[in-house]
Asker: 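Dropping a structure here in structure tokens format, bear with me for questions.
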2 protein chains.
Amino acid sequence: MDKILDIDNIDLKIISLLNEDAKTPYTEIAKKVFVSSGTVHVRMKKLEDMGIVKSATLNIDFSKLGYDISAFLGIYLEKSSLYDTVIERLKEIAEVVSAYYTTGNYSIFAKIICRDTNHLRLVLDKIQKVDGIDRTETLIVLEESINRPIQFFDKEK
Amino acid sequence: MDKILDIDNIDLKIISLLNEDAKTPYTEIAKKVFVSSGTVHVRMKKLEDMGIVKSATLNIDFSKLGYDISAFLGIYLEKSSLYDTVIERLKEIAEVVSAYYTTGNYSIFAKIICRDTNHLRLVLDKIQKVDGIDRTETLIVLEESINRPIQFFDKEK
DNA sequence: CAATTAAATTAGATTTAATCTAAATAGTGT
DNA sequence: ACACTATTTAGATTAAATCTAATTTAATTG
């Protein structure tokens, strides 16, 4: 009775394999899943049409590109009703890569990526100047120990 | 004097374009960057060899796959020297998608993705039972308002 | 500053994959 | 069992990836 029922193990297997390497040819996926490559196409088209697979992106080592510091920000708003307008302001700041509405003390929980400590300071300044933001707490990332996709295994029938 | 100097604007442009859609054919990238597709190949090979481009992954809407709840966890350890061993335990828990060593009060900051509140409870239980973990704080994600790659523009020469 | 060498880029040929179509197969409900 | 629908498949066509050799560009040195 759930839209999830439109998705079977073949779909999940295809997603899992492509999620490890999105550039794997469909012909190769087809062999591993024991269907024809046409079926892989049809299934992927379905998954894209359903909005389950939204896009494919590169996994980039930003530190090697000179973006050496990332940080999580706990943002406190003056009034929680300001959430939407503050999010719009944050969208305009290129260094903000994600922002969430979460339970807990913070009004907004965000992540930013910066080149160095100086750049970080500039970005924090910019964020603290946004109207409606009261104050922020910064968790600077010193090490990324895990970063991987979910793995869903074959759920037995 | 920096490894970053091996990377020019052509590389950055290629990365930017492919980061929006990793499945864009190199021939199309080539046109937009005004080089031949062979050059795009060579550059991407270089970027992969340098470890800057690590892989390509799908951007999946997990909620549509039945994974409806994600949460950030602030984890307190009994002793901070236990970091490495606890990370190894967390790696064994499939629902843990990322974990960081950060400044601030938490010893480990992690993210998990679960199907529903019941599944979340199971996973939190499992995590709280890991040897060395003192207690955890949970920030449940109620809305993802921003989630995007960094955009680096052409840094003028 | 010309000549030599090295590096990067390119066009073109070949291999491989994506995509499309029509036929075959498997499911569904009556 | 029959008709209807949806899914899968093989095969053909189109398009892209990959490789190679040649050219162009840039860098280096006498």
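Within every chain, numbering begins at 1; the chains are lettered A, B, ... in the order of the sequence lines, protein sequences first and strands thereafter.
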Asker: Check side chain to side chain donor-acceptor pair (under 3.5 Å) between Glu88(A) and all other residues, then give those that pass, not counting sequence neighbours.
Answerer: Lys91(A)
Asker: To the nearest 0.5 Å, what is the distance between CD1 on Ile140(A) and OG1 on Thr138(A)?
Answerer: 6.5 Å
Asker: Membership question, hydrophobic clusters at under 4.5 Å side-chain separation (ILVMFWY): are Ile113(B) and Leu90(B) in the same one?
Answerer: no
Asker: Determine yes or no for a side-chain-to-main-chain donor-acceptor pair under 3.5 angstrom, with Asn59(B) supplying the side chain and Ala56(A) the backbone.
Answerer: no
Asker: Whole Å only: how far is the CG atom of Asp8(B) from the P atom of dA7(C)?
Answerer: 17 Å
Asker: How does each nucleotide of nucleotides 12-20 of chain D score, in 5' to 3' order, for protein heavy atoms under 4.0 Å: base (B), sugar-phosphate only (S), or none (-)?
Answerer: ----SSB--
Asker: Whole angstroms only, please: what is the CG-P distance between Leu18(A) and dA17(C)?
Answerer: 14 Å
Asker: Show me the pairs that pass side chain to side chain donor-acceptor pair (under 3.5 Å) and involve residues 68-82 of chain A, at least two apart or across chains.
Answerer: Tyr76(A)-Glu137(A)
Asker: What integer distance in Å separates Ile7(B):CD1 from dA8(C):C1'?
Answerer: 15 Å
Asker: Which residue pairs satisfy the ring-ring contact (aromatic ring centres under 6.0 Å, His included) criterion with at least one member in residues 108-150 of chain A, sequence neighbours excluded?
Answerer: Phe72(A)-Phe109(A), Tyr106(A)-Phe109(A), Phe109(A)-Phe72(B), Phe109(A)-Phe109(B)
Asker: End-to-end bend of the helix from dC1(C)-dG30(D) to dT30(C)-dA1(D) (five-pair axes, 10° rounding)?
Answerer: 40°
Asker: Under the side chain to side chain donor-acceptor pair (under 3.5 Å) test, which residues partner Lys32(B), sequence neighbours left out?
Answerer: none
Asker: Let me have a per-nucleotide readout for nucleotides 21-29 of chain C, 5' to 3', with B, S or -, counting only protein heavy atoms under 4.0 Å.
Answerer: ---------
Asker: When you check the phosphate oxygens OP1 and OP2 of dA8(C), does a side-chain N or O of Arg43(B) lie under 4.0 Å from one of them?
Answerer: no
Asker: Please report the distance, rounded to the nearest Å, between CD1 in Ile29(A) and P in dA18(C).
Answerer: 9 Å
Asker: Go through the structure and list residues passing side chain to side chain donor-acceptor pair (under 3.5 Å) with Ser37(B), not counting sequence neighbours.
Answerer: none
Asker: Rounded to the nearest Å, what distance is computed from the NZ atom of residue Lys46(A) to the C1' atom of nucleotide dT19(C)?
Answerer: 19 Å
Asker: Would you say the side chains of Glu144(A) and Ser98(B) form a donor-acceptor pair under 3.5 Å?
Answerer: no
Asker: Can you check the Asp6(A) CG to dA6(D) C1' distance for me, whole Å?
Answerer: 13 Å
Asker: Taking salt bridge (Lys or Arg N to Asp or Glu O under 4.0 Å) as the definition, give me every residue that meets it alongside Asp61(A), ordered by chain and number, with sequence neighbours left out.
Answerer: Lys64(A)
Asker: Rounded to whole Å, how long is the line connecting atom CG of Asn9(B) with atom P of dA8(C)?
Answerer: 17 Å
Asker: Using whole Å, what does the distance between atom C1' of nucleotide dA8(C) and atom CG of Asp49(B) come to?
Answerer: 16 Å
Asker: Hey, are Asp6(A) and Lys46(A) close enough for a salt bridge, meaning a charged N less than 4.0 Å from a carboxylate O?
Answerer: no
Asker: Applying side chain to side chain donor-acceptor pair (under 3.5 Å), name anything that partners Asn118(A), two or more places apart in sequence or on another chain.
Answerer: Arg121(A)
Asker: Would you say the side chains of Thr136(B) and Gln128(B) form a donor-acceptor pair under 3.5 Å?
Answerer: yes
Asker: Could you list the donor-acceptor pairs under 3.5 angstrom formed by side chains in residues 21-28 of chain A, with sequence neighbours left out?
Answerer:
| residue | atom | partner | partner atom | Å |
| --- | --- | --- | --- | --- |
| Asp21(A) | OD1 | Lys23(A) | N | 3.0 |
| Thr24(A) | OG1 | Asp21(A) | O | 2.7 |

Asker: Does dT9(D) have OP1 or OP2 under 4.0 Å away from a side-chain N or O of Thr39(A)?
Answerer: yes
Asker: What does the list of N/O pairs under 3.5 Å between the protein and nucleotides 24-27 of chain D look like, with a distance for each?
Answerer:
none

